[in-house]
Novice: 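Before I ask anything, here is the structure I am working with.
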Amino acid sequence: MEFYRGLSVDFSHLLDESDDYDVIIYAGKEPNVRKFHAHTVILRARSPYFRRALSRDWARKENGSIVFQKPNIAHEVFEVILKYIYSGTADLLAQEGGIILNLLTASDELNLQELIVYAQDHLIQQKSDWLQENVIQVLHTVGYLEACRDLQNFCLGLICQDPYWLFESNNFRSLDESVLVPLLKRDDLLMEEIEIWDRLIEWGIAQNPTLNENISIWSSYDFEVLKSTLEQCIPLIRYFNIDSSDYWDKVRPFSQILPSDLHEVLLQYYCKRAKWIDRKEGSETILEKSKYEFNRILCGSESGFTAANFHKKCDNQGPTLVVIKVKETREIIGGYNPISWRGLNNNLDGGWMSAAAPSWSVSNRHRPSTFGSFSRSTYEVGPYQSTLNSFIFSLGDGKDLSKAKISRILQDNMSSAVFSSPRHGPCFGQNDLRMNDNFNEAETCTCQCYDYESEITENHNFSVEEYEVFQVVNKDGQETSNQASTSPMQQMHPPRPELTNYPTAWGEFMHF
């Protein structure tokens with residue numbers, strides 16, 4: 001039997017009625033200072049802070065009692081803390097949000113972790129309206145407190161739901177970096193990336209009053225000042241969500257604040273990704289307005305490396321681009337599927353080939369061209385789908401995109417261009433690029449030339465270190481080649497993909 005309630009009540013009486021105090025604590029600033037009495041033995045037992053303080057010569061003595069001065073803790077807050085130390089209880093229902101916020105910082109200083117957890121949970125559950133009205137004050141106050149991550153994330157989430165009120169307000173320029181950086185790390189910040197970039201530049205300039213808003217008269221030193229100010233923020237911009245024309249007009253003028261290798265990768269990236277889809281890889285490299293958006297819908301390290309998770313996220317999403325990092329060689333490879341993945345309608349028992357469909361030997365170099373005489377409704381009941389617009393590619397190690405290579409489906413083999421099976425991840429051709437289930441495990445993936453123009457890697461058996469799938473959206477509203485008209489196209493702004501380090505090469509640029 002445990003009698004904690006009675007023990008709590010008795011210790012409360014000890015705080016209120018005892019006459020053998022040996023500690024005096026002055027809390028608050030003049031003229032709002034209040035004197036509290038306490039017992040050394042209880043303070044040392046309940047607070048790591050007081051345990052250290054009372055074992056050293058941190059405090060003076062007054063009439064035989066140890067004296068502490070705590071001007072940074074309001075007396076209303078310290079009263080709550082002292083009651084918690086003695087009785088193990090804290091009644092916050094009648095307390096204002098500001099008092100509870102200050103209670104968090106004071107509890108962190110005194111190392112009262114249990115009270116921190118309770119106070120932040122109370123704010124989230126009982127004071128959500130107050131948090132909405134004071135979200136910036138809260139973030140500025142608890143942004144550095146590791147124990148308050150739940151409260152920080154809650155407040156950041158409030159901003160992300162409707163960020164424009166903050167980003168377009170006069171208060172944005174005075175925002176602490178401790179608030180801005182976590183915001184930029186969020187995947188659910190519902191703003192266009194170029195708008196985030198514009199506000200970030202404004203914020204950076206505002207932190208340096210000597211910088212003129214007209215950058216045409218800036219010196220190299222001015223750009224260095226801005227680069228230093230934005231050092232923690234530059235790596236967090238999701239550049240591949242910025243339209244190429246916006247990049248040219250708004251990002252390129254600040255190329256001096258970008259790492260040089262990042263700037264080069266971005267220029268090549270905007271040129272290549274749309275040209276391959278539009279079959280313009282042989283054209284001159286000219287930065288032009290891209291008609292596509294690339295919305296990340298899956299990341300292996302977040303969603304897992306199973307076929308089930310792949311199809312749950314990617315089926316019926318229209319055209320997609322798959323980017324893979326090979327674990328064994330760190331190569332960057334992938335493929336483009338201009339039609340929707342569809343792994344859920346296939347027969348799990350392996351009987352997907354109907355009696356009407358032709359048979360072939362897997363050992364054959366190419367499938368018989370007679371397969372092309374079957375209608376889509378006949379052969380697409382199985383895992384293979386027909387298209388002339390799919391391709392697979394390799395970017396090598398991602399450090400030199402001039403060596404990137406593309407391999408398109410051969411016309412005679414278009415009927416086996418894409419392989420959609422519930423037991424596999426994204427697959428192209430027979431074995432040209434195939435990801436078996438649990439494709440982060442050893443030798444679960446294969447890459448051998450069968451149906452496409454050429455091999456994209458000499459590593460025929462490998463595992464996946466990371467992979468991402470991007471939905472390819474035509475911003476003109478037109479269907480991408482081979483896309484079924486019934487494929488859903490998400491028009492709302494997608495979640496921002498996570499990026500934690502600036503990309504020194506394509507692989508890092510794609511979140512690898």
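Numbering starts at 1 and runs along the sequence shown.
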Novice: To the closest 0.5 Å, what do you measure between CG (Leu166) and CG (Leu158)?
Specialist: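 The distance works out to 12.0 Å.
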Novice: So, do Leu139 and Ile159 sit near enough that their side-chain heavy atoms are less than 4.5 Å apart?
Specialist: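 Result yes, sub-4.5 Å side-chain heavy-atom pair found.
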Novice: Do the side chains of Asn102 and Ile73 get nearer than 4.5 Å, heavy atoms only?
Specialist: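 SC-SC contact between Ile73 and Asn102 ruled out.
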Novice: I would like to know whether Arg238 and Arg296 meet side chain to side chain contact (heavy atoms under 4.5 Å, CB included); could you show each step before the answer?
Specialist: CA-CA 11 Å; Arg238 295 32 176 339; Arg296 193 186 70 161; over 6 Å; no
Novice: Would you mind telling me which of Phe167, Trp165, Tyr164 makes a ring-ring contact (aromatic ring centres under 6.0 Å, His included) with Phe172?
Specialist: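 It is Phe167, the one option of Phe167, Trp165, Tyr164 that forms the ring-ring contact (aromatic ring centres under 6.0 Å, His included) with Phe172.
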Novice: Any sub-3.5 Å donor-acceptor pair from Ser47's side-chain atoms to Leu43's backbone N or O?
Specialist: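 No; zero donor-acceptor contacts below 3.5 Å.
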Novice: To the closest 0.5 Å, what do you measure between CD1 (Ile196) and CE (Met191)?
Specialist: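 One gets 5.5 Å once the value is rounded to the nearest 0.5 Å.
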Novice: Any chance you could measure Leu226, atom CG, to Ile201, atom CD1, to the nearest 0.5 Å?
Specialist: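 Rounded to the nearest 0.5 Å, the CG-CD1 separation comes out at 5.0 Å.
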Novice: Side chains of Asp222 and Ile215: closer than 4.5 Å at any heavy-atom pair?
Specialist: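 Result no, sub-4.5 Å side-chain heavy-atom pair not found.
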Novice: Okay, side chain of Ser228, backbone of Glu224: is any donor-acceptor separation there less than 3.5 Å?
Specialist: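 The answer is no, because no donor-acceptor pair under 3.5 Å joins these two groups.
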Novice: Are Glu30 and Asn32 close enough that a side-chain donor and a side-chain acceptor fall under 3.5 Å?
Specialist: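 Not at all, the side chains of Glu30 and Asn32 share no donor-acceptor pair under 3.5 Å.
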Novice: Parallel, tilted or perpendicular, judged at 30° and 60°: which one describes the rings of Phe393 and Trp276?
Specialist: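 The arrangement is tilted - the two ring planes meet at 30° to 60°.
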Novice: Salt bridge or not between Glu168 and Arg199? Use side-chain N to carboxylate O under 4.0 Å.
Specialist: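 Yes, charged N to carboxylate O under 4.0 Å.
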Novice: Is any side-chain heavy atom of Ser463 less than 4.5 Å from a side-chain heavy atom of Glu441?
Specialist: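 No, too far: nothing below the 4.5 Å cut-off.
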Novice: Going by the rule side-chain contact (heavy atoms from CB on, under 4.5 Å), which residues pair with Ala119 if we only count those two or more places apart in sequence or in a different chain?
Specialist: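 Partners of Ala119 by the side-chain contact (heavy atoms from CB on, under 4.5 Å) criterion, ordered by chain and then number, come out as Leu92, Ile100, Leu103, Leu104.
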Novice: Please report the closest heavy-atom contact between Ser340 and Gly318, naming both atoms and the distance.
Specialist: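 Taking every non-hydrogen atom into account, OG-N, 2.8 Å.
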Novice: Determine, stepwise, if the pair Lys127 / His122 fulfils side chain to side chain contact (heavy atoms under 4.5 Å, CB included).
Specialist: CA-CA 7 Å; Lys127 302 286 186 180; His122 182 84; 4.0 Å; yes
Novice: Under the side chain to side chain contact (heavy atoms under 4.5 Å, CB included) criterion, do Leu230 and Leu200 qualify, and how do the steps go?
Specialist: CA-CA 8 Å; Leu230 299 179; Leu200 178 62; 3.7 Å; yes
Novice: For Val326, does its backbone N or O pair with a side-chain atom of Glu331 as donor and acceptor, under 3.5 Å?
Specialist: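 No; judged by distance alone, with no hydrogens or angles, the pair does not exist.
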Novice: Any side-chain to backbone donor/acceptor pair from Gln232 onto Ser178? Under 3.5 Å, distance only.
Specialist: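 No; judged by distance alone, with no hydrogens or angles, the pair does not exist.
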Novice: Give the minimum heavy-atom separation between Phe470 and Val323, together with the two atoms involved.
Specialist: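 Phe470 and Val323 have their closest heavy atoms at CE1-CG2, 4.2 Å.
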Novice: Anything under 30° is parallel, anything over 60° is perpendicular, the rest tilted; go ahead and classify Tyr49 against Phe68.
Specialist: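 If you compare the ring of Tyr49 with that of Phe68, the planes turn out tilted.
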Novice: Look up atom NE2 in His37 and atom CG in Leu15, then write down how far apart they are to the nearest 0.5 Å.
Specialist: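 If we round to the nearest 0.5 Å, His37:NE2 and Leu15:CG are 11.0 Å apart.
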Novice: Could you pull out the closest heavy-atom pair between Ala307 and Pro422, with the gap in Å?
Specialist: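 That would be CB-O, 3.3 Å.
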Novice: Report yes if some heavy atom in the side chain of Val181 is under 4.5 Å from a heavy atom in the side chain of Lys185; otherwise report no.
Specialist: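 A side-chain contact under 4.5 Å exists here.
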Novice: Evaluate whether atom CD of Glu114 has more than 12 neighbouring non-hydrogen atoms of other residues, nucleotides or ligands under 6.0 angstrom away.
Specialist: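 Counting other residues, nucleotides and ligands, CD of Glu114 stays at 12 neighbours or fewer.
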Novice: Within the side chain of Asp22, is there an N or O that forms a donor-acceptor pair under 3.5 Å with the backbone of Thr40?
Specialist: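 Looks like yes, one N/O pair under 3.5 Å.
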Novice: Heavy-atom count around Lys83 NZ within 6.0 Å, excluding the residue itself: above 12?
Specialist: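 Not buried by this count: 12 neighbours or fewer within 6.0 Å.
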Novice: Could you verify whether a donor N or O on one side chain and an acceptor N or O on the other, from Asp20 and His39, lie under 3.5 Å apart?
Specialist: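 Distance-only check passes for Asp20 and His39.
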Novice: Is there a donor-acceptor pair under 3.5 Å between the side chain of Glu195 and the backbone N or O of Glu192?
Specialist: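 Side chain of Glu195 to backbone of Glu192, a donor-acceptor pair under 3.5 Å: yes, one is there.
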Novice: Can you tell me how far CZ of Arg34 sits from CD1 of Ile25, rounded to the nearest 0.5 angstrom?
Specialist: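 The distance works out to 12.0 Å.
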Novice: So for atom CD, which belongs to Glu96, do other residues, nucleotides or ligands contribute more than 12 heavy atoms lying within a distance under 6.0 Å?
Specialist: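 It does not: Glu96 CD has 12 such atoms or fewer within range.
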Novice: Could you pull out the closest heavy-atom pair between Ala27 and Phe78, with the gap in Å?
Specialist: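 What the structure gives for the nearest pair is CB-CB, 3.8 Å.
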Novice: Can you measure from CG (Asp246) to CD1 (Ile194) and round to the nearest 0.5 angstrom?
Specialist: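 Answer for the CG-CD1 pair, Asp246 versus Ile194, is 4.5 Å.
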Novice: Tell me the closest heavy-atom pair linking Ser107 and Leu115, and the distance in Å.
Specialist: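 Heavy-atom minimum between the residues: OG-CD2, 3.3 Å.
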Novice: Taking all non-hydrogen atoms of both residues into account, name the closest pair between Gln120 and Leu151 and its distance.
Specialist: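 Result for this residue pair: OE1-N, 3.1 Å.
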Novice: Between Trp203 and Thr229, is a side chain to side chain contact (heavy atoms under 4.5 Å, CB included) present by the stated rule, with each step listed?
Specialist: CA-CA 9 Å; Trp203 181 87; Thr229 301; 4.1 Å; yes
Novice: Ring-plane angle category for Trp197 and Phe254, please: parallel below 30°, perpendicular beyond 60°, tilted otherwise.
Specialist: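 Correct class here is perpendicular.
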Novice: Applying side-chain contact (heavy atoms from CB on, under 4.5 Å), name anything that partners Ser303, two or more places apart in sequence or on another chain.
Specialist: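 Listed in chain order: Leu298, Lys313.
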Novice: So Asp150 and Phe154, do their side chains get closer than 4.5 Å, heavy atoms only?
Specialist: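 No - every pair of side-chain heavy atoms lies 4.5 Å or more apart.
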Novice: Do Asn171 and Ser169 have side-chain N/O donor and acceptor atoms under 3.5 Å apart?
Specialist: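 Distance-only check fails for Asn171 and Ser169.
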Novice: Going by heavy atoms in the side chains, are Glu302 and Asp187 under 4.5 Å from each other?
Specialist: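 They are in contact (side-chain heavy atoms under 4.5 Å apart), so the answer is yes.
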Novice: Salt bridge check: are Lys325 and Glu465 linked by an N-O gap of less than 4.0 Å?
Specialist: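 Judged by the 4.0 Å cut-off on N to carboxylate O distance, Lys325 and Glu465 do form a salt bridge.
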Novice: Begin from the C-alpha positions of Glu213 and Arg173 and carry the test salt bridge (charged side-chain N to carboxylate O under 4.0 Å, His left out) through to its verdict.
Specialist: CA-CA 14 Å; Glu213 293 193 2; Arg173 294 189 173 195; 3.6 Å; yes
Novice: Under a 4.5 Å cut-off applied to non-hydrogen side-chain atoms, are Arg46 and Tyr86 in contact?
Specialist: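 The answer is no; the side chains never approach within 4.5 Å.
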Novice: Would you call the rings of Tyr467 and Phe310 parallel, tilted or perpendicular, taking 30° and 60° as the class edges?
Specialist: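 The arrangement is tilted - the two ring planes meet at 30° to 60°.
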Novice: Quick check: does any side chain N or O of Tyr239 sit under 3.5 Å from a backbone N or O of Glu193, one acting as donor and the other as acceptor?
Specialist: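 Checked: no pair found.
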